[in-house]
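All remarks here apply to the structure that follows.
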Amino acid sequence: MKKKFIIPMITVAAISGAVLFSAFKANSGKATEQLWFQYSGSGDPTQSENYVLSGSAAPDCGGDQQVCAIRALDNGFDQPEITSTLAAEINAAVSNNTPSANVGLRD
């Protein structure tokens, strides 16, 4: 009688373990390379929907007045993943009229 109870429990535990561990993958398929994204020129520059993918090379922005482009990870939809740190860097670059490593400005 105990064997009839133990075998199904072991089976359930094994299946649960397999499902649990298969959910954790080493690489979720997200890009790990930082790319450049051009700002559309309208809307909040700290919102990803206001950017289009530019590529791995920095665009020629050449200014210091408003956001031109940012460098970030792709969020999986050809838009930048804007973290709170990057949003603060965007705001600081605009406030100080100074481009940074991840924020290009234009006139």
Side-chain angles (χ1 to χ4, degrees):
M1 186 86 156
K2 284 185 178 181
K3 286 185 181 180
K4 287 184 179 181
F5 180 72
I6 292 175
I7 292 174
M9 291 302 292
I10 292 172
T11 303
V12 168
I15 292 171
S16 297
V19 169
L20 176 67
F21 288 113
S22 69
F24 296 102
K25 295 182 180 176
N27 186 350
S28 64
K30 258 183 148 174
T32 56
E33 176 190 6
Q34 295 221 352
L35 301 170
W36 283 94
F37 297 85
Q38 293 270 164
Y39 177 55
S40 68
S42 64
D44 185 348
T46 63
Q47 298 299 310
S48 61
E49 63 268 11
N50 296 320
Y51 290 88
V52 294
L53 181 60
S54 178
S56 58
D60 183 25
C61 291
D64 61 5
Q65 299 296 310
Q66 59 185 340
V67 176
C68 169
I70 61 171
R71 188 170 67 133
L73 294 174
D74 188 319
N75 69 4
F77 300 99
D78 290 339
Q79 294 175 328
E81 184 176 308
I82 300 178
T83 62
S84 58
T85 302
L86 181 54
E89 189 174 344
I90 293 167
N91 289 329
V94 172
S95 294
N96 299 325
N97 291 1
T98 306
S100 68
N102 298 311
V103 181
L105 299 177
R106 67 176 175 223
D107 289 328

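Since the model is a prediction, treat every value here as computed from it, not as a measurement. Along the sequence shown, residues are numbered consecutively beginning with 1.
In this structure, the separation between CD on Q66 and CG on L105 is 8.5 Å, given to the nearest 0.5 Å. In this structure, OH in Y51 is found 7.5 Å from OG1 in T46, a value given to the nearest 0.5 Å. Rounded to the nearest 0.5 Å, atoms OG (S54) and CZ (R71) are 13.0 Å apart. Atoms CG and OG, on D78 and S48 in that order, are 11.5 Å from each other to the nearest 0.5 Å. Atom OG1 in T83 sits 12.0 Å away from atom CG in N75 (nearest 0.5 Å). Here the straight-line distance linking atom CG of N96 with atom CG of D64 works out to 11.0 Å at 0.5 Å rounding.
V94 and W36 are not part of a single hydrophobic cluster, where members link through side-chain heavy atoms under 4.5 Å apart. At a threshold of 4.5 Å between side-chain heavy atoms, the hydrophobic network of Ile, Leu, Val, Met, Phe, Trp and Tyr places I82 and V103 in one connected group. Residue I70 is not grouped with residue V52 when hydrophobic side chains (ILVMFWY) are merged at heavy-atom distances under 4.5 angstrom, including chains of intermediate members.
R106 and C61 make their closest contact through CB-O, 3.7 Å (heavy atoms, listed as atom of the first residue, atom of the second, distance). The two residues D74 and E81 have their closest heavy-atom pair at O-OE1, 4.4 Å. The two atoms that bring A101 and E89 nearest to each other are N-OE2, 3.9 Å, heavy atoms only.
N50 contributes a side-chain N or O that, together with a main-chain N or O of D44, makes up a donor-acceptor pair within less than 3.5 Å.
Around CG of D60, the count of heavy atoms belonging to other residues, nucleotides or ligands within 6.0 Å does not exceed 12.
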